[in-house]
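For reference, the structure is listed below as structure tokens.
Chain identifiers are assigned alphabetically (A, B, ...) following the order of the sequence lines, protein sequences preceding nucleic acid strands; residue numbering begins at 1 within each chain. Treat the numbers as computed from the prediction; the structure is a model and nothing was measured.
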There are 2 protein chains.
Amino acid sequence: MALRGTQQHSIIADYLRTLIRSKKLSPGDFLPSEAELCEQFSSSRGPVRQAVAALRSEGLISSGRGRRSVVLGRFTSESFDSIYSVTHWLRERGFEPGASTLWLGRCPASEQEAEFLRVDTGSPVIFVHRVRSANGMPIAIERMFFPLDVGSQILNFDADNESIHDHLRKQGVDFDSVNRELSLAYASEEDARSLNIDPGTPLWRLHLDISDHSGHPVECTEILYLGDRMTLGMTNVRGTTSPLEVKLSEG
Amino acid sequence: MALRGTQQHSIIADYLRTLIRSKKLSPGDFLPSEAELCEQFSSSRGPVRQAVAALRSEGLISSGRGRRSVVLGRFTSESFDSIYSVTHWLRERGFEPGASTLWLGRCPASEQEAEFLRVDTGSPVIFVHRVRSANGMPIAIERMFFPLDVGSQILNFDADNESIHDHLRKQGVDFDSVNRELSLAYASEEDARSLNIDPGTPLWRLHLDISDHSGHPVECTEILYLGDRMTLGMTNVRGTTSPLEVKLSEG
DNA sequence: CAGTGGTCTAGACCACTCA
DNA sequence: GAGTGGTCTAGACCACTGC
């Protein structure tokens, strides 16, 4: 947990997270009152409440009118970078990320990619097809599509040994929002060979649509994960809304 | 989208959500400036910023220093009730929920339930085993465990035709926070029969640990969903944290 | 009834974006 | 340089909890 800034609200939030993660506060314990935090940090209530709101939206505490805030658990949240970058995701969890590139170059956009990337179907986009591994074991197939202006910056890139997203961010590409869809899929013949599994094995299919801060598309990606080793955890507290929706298709 | 209160911040947030959902604002469009919203609602900046923060954490907008906030999409968020109640979840999505109870009564707690419910392994808890359906088609197996003080209130309950959670909430049970874990499972012989599928069919396993606002356990549940009809959608914006973690087990 | 968090006001300064 | 959102202050009143 890095100190993310020198703003008072994030200092206070980090202090509270540390109280919880270091076990100085356990589930069921009370947080310091807002008045105490104001005094401790010589702050007004604004920053204190901003900090407490952050913890609440992370599922760490529950609070309400008239009662002290209560610690719920020691849950961790994902960083924004780990949402769209398999490399960051693996590193943050202590795995050594690996990539083996099967394809990197132009290809005509299919209908699905074209729609999100706002280009014509069949017009050229940059396509990257890789097998991703954790500690040397294959765990996922990655198919990434970039619009030409973004993707042309990786045409001469060593996609086996560096993070594409780190490189693009250094080039000024702004990854600001990600829309994810998780569903169930079955391994095709081709992907089964890449992952060294049987065709038809169930997989997690994760589809990512990534935009910059103006809402312009910068990437459209599909990742197929081996399902047996993956778990998705969430904690939600009444009164907060998480940007999540479980959908059910017509049957 | 119901008006959730008469507080200014939620009135303003609902106004903004309506602008987006009614297509008066489209992805890429600018939100009104905070100053304009202050004037329009005769409000100070506090409530306006609280409203805007809510939309940001729902993934609807992106904002940043020096620039107008931008609409990202028309994503919907799940209500808190729909997280822990299959009945609410189905109703909100326009399906007719159904339940067929296979078992309702006491049973000795296994190690897993005992740990979360904070009772001894083997001591009695209330167990409900149901097949859930949407529009008459089976879609999930539900196994719910309640501590005695909570669960004893449903021993004479018609679990086929009423929502257990609605009933318990009327009895004063406080469902305040939910920790969820989603993973991949394969249908057992027994569950396959209940769902009218082949044994070994891949399913989503959703495990719920539910607590009241003090952090005391009120329910521990496992739901196995037919995977082919389920999708999970999320939108995240840089700078906000969602209470979510994608975990990878050693392997 | 004292203490708590939820809501709101009316200012202020700053960092940043964009025309 | 005007406008914007991010941060902060110093108050205030209220609804509610728990003693």
Side-chain angles (χ1 to χ4, degrees), chain A residues 3-14 16 28-57 60-72 172 174 176-177 212-216 237-241, chain B residues 3-14 16 28-57 60-72 172 174 176-177 212-216 237-241:
Chain A
L3 292 178
R4 284 197 307 275
T6 49
Q7 293 101 331
Q8 291 202 54
H9 68 86
S10 60
I11 291 174
I12 299 170
D14 282 328
L16 294 173
D29 288 352
F30 291 129
L31 238 59
S33 75
E34 295 184 357
E36 285 163 0
L37 291 169
C38 286
E39 189 171 6
Q40 182 174 347
F41 290 93
S42 306
S43 164
S44 57
R45 268 186 90 194
V48 166
R49 285 190 57 72
Q50 197 171 342
V52 169
L55 268 74
R56 200 169 35 238
S57 86
L60 292 173
I61 64 169
S62 166
S63 45
R65 205 167 231 153
R67 46 178 254 256
R68 291 281 273 259
S69 294
V70 177
V71 175
L72 294 175
D174 166 34
D176 185 74
S177 72
D212 67 16
H213 73 244
S214 312
H216 293 127
V237 183
R238 173 162 244 119
T240 67
T241 44
Chain B
L3 290 179
R4 283 198 306 275
T6 49
Q7 292 102 332
Q8 292 202 53
H9 68 85
S10 61
I11 292 174
I12 299 171
D14 282 328
L16 294 173
D29 288 353
F30 291 129
L31 238 60
S33 76
E34 295 184 357
E36 286 163 1
L37 291 169
C38 286
E39 189 172 5
Q40 182 174 346
F41 290 91
S42 307
S43 163
S44 58
R45 268 185 90 193
V48 166
R49 284 188 59 71
Q50 196 171 342
V52 169
L55 268 74
R56 201 168 36 236
S57 86
L60 291 172
I61 63 169
S62 166
S63 47
R65 205 165 229 152
R67 46 177 254 257
R68 290 281 272 259
S69 294
V70 177
V71 176
L72 292 177
D174 166 34
D176 185 74
S177 71
D212 68 16
H213 74 243
S214 311
H216 293 128
V237 183
R238 173 161 247 122
T240 68
T241 45

Distance (rounded to the nearest 0.5 Å) between [X] [atom1] and [Y] [atom2]:
{"X": "A/L55", "Y": "A/Q50", "atom1": "CG", "atom2": "CD", "answer": "12.0 Å"}
{"X": "B/L60", "Y": "B/L16", "atom1": "CG", "atom2": "CG", "answer": "9.5 Å"}
{"X": "A/I12", "Y": "A/S43", "atom1": "CD1", "atom2": "OG", "answer": "4.5 Å"}
{"X": "B/S214", "Y": "A/L72", "atom1": "OG", "atom2": "CG", "answer": "9.5 Å"}

- Any residue meeting side-chain hydrogen bond (donor to acceptor under 3.5 Å, both in side chains) with B/Q40, in chain and number order, not counting sequence neighbours: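 Only B/Y15 meet the side-chain hydrogen bond (donor to acceptor under 3.5 Å, both in side chains) criterion with B/Q40.
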- With sequence neighbours left out, write down each residue that passes salt bridge (Lys or Arg N to Asp or Glu O under 4.0 Å) with A/E36, or none if nothing qualifies.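 With sequence neighbours excluded, A/E36 shows a salt bridge (Lys or Arg N to Asp or Glu O under 4.0 Å) to A/R68, given in chain and number order.
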In whole angstroms, how far is the [atom2] atom of [N] from the [atom1] atom of [X]?
{"X": "B/E36", "N": "D/dT4", "atom1": "CD", "atom2": "P", "answer": "6 Å"}
{"X": "A/L37", "N": "D/dC8", "atom1": "CG", "atom2": "C1'", "answer": "16 Å"}
{"X": "A/R56", "N": "C/dG5", "atom1": "CZ", "atom2": "P", "answer": "10 Å"}
{"X": "A/L31", "N": "C/dG5", "atom1": "CG", "atom2": "P", "answer": "8 Å"}
{"X": "B/E39", "N": "D/dT4", "atom1": "CD", "atom2": "P", "answer": "12 Å"}
{"X": "A/L55", "N": "C/dG5", "atom1": "CG", "atom2": "P", "answer": "13 Å"}
{"X": "A/R238", "N": "C/dG5", "atom1": "CZ", "atom2": "C1'", "answer": "18 Å"}
{"X": "B/Q8", "N": "C/dA10", "atom1": "CD", "atom2": "P", "answer": "10 Å"}

Taking side chain as C-beta onward, heavy atoms only, is [X] less than 4.5 Å from [Y]?
{"X": "B/I61", "Y": "B/V70", "answer": "no"}
{"X": "A/F41", "Y": "A/I11", "answer": "yes"}
{"X": "B/Q7", "Y": "B/P47", "answer": "no"}
{"X": "A/S62", "Y": "A/R67", "answer": "yes"}

- Who are the side chain to side chain contact (heavy atoms under 4.5 Å, CB included) partners of B/R49, not counting sequence neighbours?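 Testing B/R49 for side chain to side chain contact (heavy atoms under 4.5 Å, CB included), a comparison that skips the adjacent residues, returns B/E34, B/R45.
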- Query: Heavy atoms under 4.0 Å, any strand shown: does B/S62 hit a base, just sugar-phosphate, or nothing?
  - Reply: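 B/S62: no heavy atom of the nucleic acid under 4.0 Å.
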- Task: Examine D/dG6: is either OP1 or OP2 under 4.0 Å from a nitrogen or oxygen in the side chain of B/S63? Give yes or no.
- Result: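 Checking D/dG6 against B/S63, a side-chain N or O does come within under 4.0 Å of OP1 or OP2.
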- N/O (side chain, B/S33) to phosphate O (OP1/OP2, D/dG3) under 4.0 Å: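 So the side-chain polar atoms of B/S33 never come under 4.0 Å of the phosphate oxygens OP1 or OP2 of D/dG3.
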- Using a 4.0 Å cut-off on protein heavy atoms (strictly under), produce a 5'-to-3' string for nucleotides 12-19 of chain D with B for base contact, S for backbone-only sugar-phosphate contact, and - for none. B--BBB--
- Between C/dC8, C/dG5, D/dT7, which one does the side chain of A/R68 approach most closely?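 Within the option list, the nearest is C/dG5.
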- Message: Checking B/R238 against A/S177: is there a side-chain donor and acceptor pair closer than 3.5 Å?
- Response: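 No, B/R238 and A/S177 have no side-chain donor paired with an acceptor closer than 3.5 Å.
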- Task: Describe, as an angle rounded to 10 degrees, how the axis at the first end of the helix from C/dC1-D/dG18 to C/dC18-D/dG1 is tilted relative to the axis at the last end, five pairs per end.
- Result: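 Axis angle across the helix from C/dC1-D/dG18 to C/dC18-D/dG1, nearest 10°: 10°.
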- Message: If you take any heavy atom closer than 4.0 Å to DNA chain C, which residues from residues 46-53 of chain A end up in contact?
- Response: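 Listed by number, they are A/R49.
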